[in-house]
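Values below: every heavy atom of this structure, side chains too, minus hydrogens, waters and symmetry copies. In this text, all values refer to a predicted model and were calculated from it rather than measured experimentally.
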Amino acid sequence: MSYATPPGWYPDTGTPGLERWWDGTAWTAHTRPSAGPAASHQPPAPADPGPAQSGPAGFGPADPGPGGFGPAEAAPAGFGPPSLPHQRGPHDGSGGGNRTKILAITLSGVLVLGAAVTGVILLGRDDGGTPAARTTTTSAPAPVTTPTATPSTSDEPDPDENPAVLVDQLNGVTVPVPEGWEKPRSSSSDVPTIRTVQSYDCPGGSSFCYHGTVTTHTARSAETDPKALAEADITTAADLAYEEDSLGRRNHGGITSHKVLKAGQLSVAGRVGYLVRWQVTTGKGPGGYVQSVAFPSSVGSGTPVIVRLVFDADVAELPLSLMDTITRGVRPLGDDGTSGGVGASISP
């Protein structure tokens with residue numbers, strides 16, 4: 001039986017003082033300084049070295065898996081320079097004397113071995129000359145301890161379970177969930193997402209759409225400047241929302257034009273970021289508004305985070321002021337206000 005390990009930060013035993021992100025199936029390149037002695041989402045280790053439990057190989061206290069980051073029980077074979085045979089130097093003298101010594105030592109070893117074998121045969125028989133019965137000692141198997149979850153003693157609600165907060169553990173941020181919005185269990189983008197509850201038939205007629213969505217992303221570019229990232233990402237965000245989605249569907253008939261409504265520096269999640277907002281006109285339907293916000297993460301190495309906001313136009317419940325409110329509500333993970341329901345007072 002295996003125990004799946006949830007996504008989270010776990011100690012990187014290959015680099016003391018750091019934690020590494022486990023996404024539920026594999027290790028990522030994201031690291032951050034260790035928050036304390038307690039590791040998140042990490043079940044206690046079994047008392048006996050029984051079969052390995054399913055979990056992130058090589059990190060934390062779990063048994064090291066093949067190719068993991070954690071320390072192995074013994075150094076794997078093949079590491080380090082191979083042992084070299086002894087090479088005789090120019091001053092080691094003639095090899096004849098050495099061969100004589102080797103023959104003498106070998107002969108002595110054969111005689112000693114013969115004496116030892118004879119003694120074992122004699123001692124292995126009892127007084128009647130019959131071989132003595134062997135005594136077998138059987139040890140009781142060591143008990144196996146089944147890992148159990150450690151109950152939390154904190155009175156603070158888990159942000160992941162708070163319907164008013166979207167938690168992005170990887171990027172270390174939280175996003176407020178407005179009234180009338182939801183956190184879907186799954187989405188086509190496979191990234192942390194919130195959206196309006198009610199869906200509708202897309203103007204293009206090929207699928208169903210949502211009037212408002214907000215998603216968080218890790219910046220994939222080598223670029224780290226928030227302004228450059230936001231200006232590059234706004235085109236991608238607009239295309240996925242109103243030109244052609246990730247499945248190749250033109251749900252809004254494509255983008256016919258756009259104009260920049262807002263662009264500039266701002267403070268988000270305690271970091272200096274940059275915002276770009278477009279209004280797009282589409283071939284079908286009323287079009288909409290798209291915004292990209294880029295800023296450094298507050299965890300690990302500070303890999304930039306991008307938050308995308310998409311609102312359909314002509315929807316009374318989605319004024320642009322709500323887009324501003326959600327942006328101001330983005331906070332670093334662990335902020336005191338995060339578990340208190342940051343989205344509870346947000347309404348269109």
Side-chain angles (χ1 to χ4, degrees), residues 1-46 52-71 146-175 177 183-187 189-194 215-220 269-270 296-307 330-340 342:
M1 181 178 295
S2 62
Y3 300 87
T5 301
W9 291 100
Y10 294 86
D12 185 344
T13 54
T15 308
L18 288 183
E19 295 180 344
R20 188 176 294 271
W21 178 258
W22 168 260
D23 66 6
T25 58
W27 291 109
T28 70
H30 295 277
T31 61
R32 70 175 186 183
S34 296
S40 63
H41 301 296
Q42 185 167 308
Q53 306 298 328
S54 172
F59 289 93
D63 291 341
F69 290 89
T146 302
T148 56
T150 303
S152 174
T153 57
S154 173
D155 294 332
E156 295 290 340
D158 184 351
D160 283 323
E161 303 300 327
N162 190 339
V165 180
L166 173 68
V167 178
D168 183 344
Q169 293 275 3
L170 174 59
N171 292 304
V173 296
T174 64
V175 178
V177 181
K183 297 189 295 183
R185 293 185 179 275
S186 62
S187 66
S189 58
D190 196 27
V191 294
T193 303
I194 60 174
T215 55
T216 61
H217 307 258
T218 302
R220 301 300 181 186
S297 173
S298 60
V299 299
S301 57
T303 301
V305 184
I306 295 176
V307 179
V330 177
R331 297 180 178 176
L333 188 63
D335 186 278
D336 290 341
T338 296
S339 59
V342 293

Asker: Got a donor-acceptor contact below 3.5 angstrom from the K183 side chain to the V165 backbone?
Answerer: yes

Asker: Kindly write out the residues that satisfy side-chain contact (heavy atoms from CB on, under 4.5 Å) with T218, not counting sequence neighbours, or none if the list is empty.
Answerer: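 Partners of T218 by the side-chain contact (heavy atoms from CB on, under 4.5 Å) criterion, ordered by chain and then number, come out as H30, L170, N171, R220, T303.
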
Asker: Would the distance check show the side chain of W9 and the main-chain N or O of W22 forming a donor-acceptor pair, the cut-off being under 3.5 Å?
Answerer: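 Judged by distance alone, no pair lies under 3.5 Å.
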
Asker: State, with a plain yes or no, whether a side-chain heavy atom of W21 is found less than 4.5 Å away from one of V299.
Answerer: no

Asker: Within the 4.5 Å heavy-atom criterion, are R32 and L18 side-chain neighbours or not?
Answerer: no

Asker: Out of T215, T216, L166, which one pairs with T193 under the side-chain contact (heavy atoms from CB on, under 4.5 Å) rule?
Answerer: T215

Asker: V330: what forms a side-chain contact (heavy atoms from CB on, under 4.5 Å) with it, not counting sequence neighbours?
Answerer: V173, V175, V268, A269, F295

Asker: Calculate, to the nearest 0.5 Å, the distance between atoms CG and CD belonging to D12 and E19 respectively.
Answerer: 9.5 Å

Asker: Return the minimal non-hydrogen interatomic distance between S298 and G172, and the atom names on each side.
Answerer: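 Residues S298 and G172, closest heavy atoms: OG-O, 3.6 Å.
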
Asker: Would you compute the distance between atom OG1 of T28 and atom CG of D23 and round it to the nearest 0.5 angstrom?
Answerer: 6.5 Å

Asker: Who passes side chain to side chain donor-acceptor pair (under 3.5 Å) against T31, sequence neighbours left out?
Answerer: none

Asker: For the atom pair CD1 (I306) and OG (S297), what is the distance rounded to the nearest 0.5 Å?
Answerer: 12.5 Å

